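Since the structure comes first, as structure tokens, the remarks are kept for the end.
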2 protein chains.
Amino acid sequence: MALRHAVLAALLDGEYSGYQLAKAFDIGVANFWHAVPQQLYAELTKLEKEGLVAGRQVIQETRPNKRVFRVTEAGHAELERFATDVSKPSSIRDDLLVKVQAADRVDTGSVIEQLEERASAADGKIELLGQVLRRLRGDAAEEEFLRTGDRVGPYLTCLRGLSFEQEHRDWCLRTAGILRERQAHHAGR
Amino acid sequence: MALRHAVLAALLDGEYSGYQLAKAFDIGVANFWHAVPQQLYAELTKLEKEGLVAGRQVIQETRPNKRVFRVTEAGHAELERFATDVSKPSSIRDDLLVKVQAADRVDTGSVIEQLEERASAADGKIELLGQVLRRLRGDAAEEEFLRTGDRVGPYLTCLRGLSFEQEHRDWCLRTAGILRERQAHHAGR
DNA sequence: AATGCCTAGTCACTTTTCTGAGTACCGTAC
DNA sequence: GTACGGTACTCAGAAAAGTGACTAGGCATT
């Protein structure tokens, strides 16, 4: 039940509508939690019912009206509680790794393709995260920002995301290379 | 529905019982998919019903009898099919990252503790994965094993797991350090 | 004038994952 | 001799995550 806490954590940065939150979950928050818009709307509804967030209607002229949410006192307390209980161990959970595990026994061609696609997707993500990090730290140098900036939480999670994507890209390329080479050499198998 | 494929991929290395499979899911396979024994038993039952694996009773003297499973022809075909369809993008999904995201706004103390626990857990995992890798490649050097060894799939996924754990440990320690320093300096906040 | 894209959401449902509790027998250590 | 840990597995159910289809208006392009 961490989606709810991910939502609360994301709402710490201000008021967001479900739609805006969905955007945030596509960039920053996606580093540690992925969710589609429907899940977020559903979660916001539940959180509001439980009084952990409060919604407020915003009338817009040229666009559909929207409801924006902020974290209530009770919401902060819940996050506080969540922060103190034990985290379950992290792990990767990736389809593509399952395919690589089986790579000797299945058609390697499409696995190689997917590895390369993933690598370039990771490149895109790396670029994006670089921008987010620059935006977050503003003019300060990283070291200084981390020492004295306010709101380093999102910065730190982005750093994790960045290194994850870099490692992922490197591994994908290396693995694709190895499988390709093996394919060429033992062509007859 | 990748647990089923993770199970199939894990069974490529020979016959396993549910119990043995659970062990494998605690070490090697856990690099890309985590599951508790009950899930594996359930999945094996379903896979057998669908003819993707075949079970066989093994009578044991000193221990309870067990049923071991192997992948059938249909199972191989299913893996083959799975390998060709698109993988969903990978992401981290980690409780602890959620807590770090909120770290400026909640009690940082317990987050720091958890980061340090995680770092030492990662150390353990790194050690373990090193052993697994050595066992898998036997006497060969890594480069050579990757070129010519048979069954490199599990080796490659372990490499991914290893780099994940290393990055994770480094990030946890760095993050803990930063939060600790901030705690010390802005003690009054 | 039709097409497609962006904002902003809702509803109903399925699938997948996870949790807790329980059974049973063997061997070993204290 | 009894408590503990390992092997081996089952069952029932809850919670979490994910999917597909749908509404509705504005804006810009073709």
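Being a predicted model, the structure only gives us computed values, none of them experimental. Naming convention: chains lettered A, B, ... in sequence-line order (proteins, then strands); numbering from 1 in each chain.
Of the candidates C:dC18, D:dT19, D:dA8, the closest approach to any side-chain atom of B:Gln39 belongs to C:dC18. The side chain of A:Tyr19 approaches C:dT7 more closely than any other nucleotide in the set D:dC27, C:dC26, C:dT7. For B:Leu3, the side-chain atoms get nearest to C:dT17 when compared with the rest of C:dG9, C:dT17, C:dT7. Comparing C:dT19, C:dG9, D:dG26 by their closest approach to the side chain of A:Arg67 singles out C:dG9. Out of C:dA8, C:dC25, D:dC27, the shortest distance to the side chain of B:Pro64 is found at C:dC25. Looking at the side chain of B:Tyr41, the nearest of the listed nucleotides D:dT7, D:dT10, D:dT19 is D:dT10. Nearest nucleotide to the A:Gln38 side chain, out of C:dG9, D:dA21, D:dC9: D:dA21.
Where B:Gly18 and A:Arg4 meet DNA chain D, the nucleotide closest to each residue was compared, and B:Gly18 sits on the side nearer the 5' end. Each of A:Trp33 and B:Val68 was assigned the nucleotide of DNA chain D with the nearest heavy atom; the assignment lying further toward the 5' end belongs to B:Val68.
Nucleic acid contact class of B:Arg93 (heavy atoms, under 4.0 Å, all strands): sugar-phosphate only. A:Lys46 comes within 4.0 angstrom of nothing in the nucleic acid, heavy atoms only.
Residues A:Arg81 and A:Thr84 bring no donor and acceptor atom of their side chains to less than 3.5 Å of each other. The closest side-chain donor-acceptor pair between A:His168 and A:Arg118 falls under 3.5 angstrom. Using a 3.5 Å distance cut-off with no hydrogens or angles, the side chains of B:Gln183 and B:Thr108 do not pair a donor with an acceptor.
Counting to the nearest Å, the P atom of D:dG6 and the CG atom of B:Asp26 are 12 Å from each other. Atom NE2 in B:His34 sits about 8 Å away from atom P in C:dT19, given to the nearest Å. Whole-Å rounding puts the A:His5 NE2 to D:dA15 C1' distance at 14 Å. Between the CZ atom of A:Phe25 and the P atom of C:dG9 there is a distance of 15 Å, given to the nearest Å. Put simply, CG on B:Leu44 is 9 Å from P on D:dC9, counting in whole angstrom units. The interatomic distance linking B:Leu40 (CG) with C:dT16 (C1') rounds to 14 Å, in whole Å. B:Glu61 places its CD atom 16 Å from the P atom of C:dC25, with the value rounded to the nearest Å. What separates CZ of A:Phe32 from P of D:dA17 is a distance of 13 Å, to the nearest Å.
Geometrically, A:Lys66 does not engage A:Tyr19 in a cation-pi contact defined by less than 6.0 Å to the ring centre and at most 45° from the axis.
Taking side-chain N and O atoms only, B:Ser17 has no distance below 4.0 Å to OP1 or OP2 of D:dT7. A close approach under 4.0 Å does occur between a side-chain nitrogen or oxygen of A:Lys23 and OP1 or OP2 of C:dT7.
Under the 4.5 Å side-chain heavy-atom criterion for ILVMFWY residues, no single connected hydrophobic cluster contains both B:Ile92 and A:Phe25.
Residues A:Arg180 and A:Glu113 are not paired through a salt bridge, judged by the lack of any N-O separation under 4.0 Å between the basic side chain and the carboxylate.
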Given the rule in the side-chain contact (heavy atoms from CB on, under 4.5 Å) test, do B:Asn31 and B:Phe164 qualify, once you have shown the distances and angles that lead to the verdict? CA-CA 9 Å; B:Asn31 284 315; B:Phe164 176 81; over 6 Å; no

Kindly give the atom pairs (protein nitrogen or oxygen, nucleotide nitrogen or oxygen) under 3.5 Å for nucleotides 2-4 of chain C.
none

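Taking the ring centroids of A:Phe145 and A:Tyr155, they lie under the 6.0 Å cut-off.
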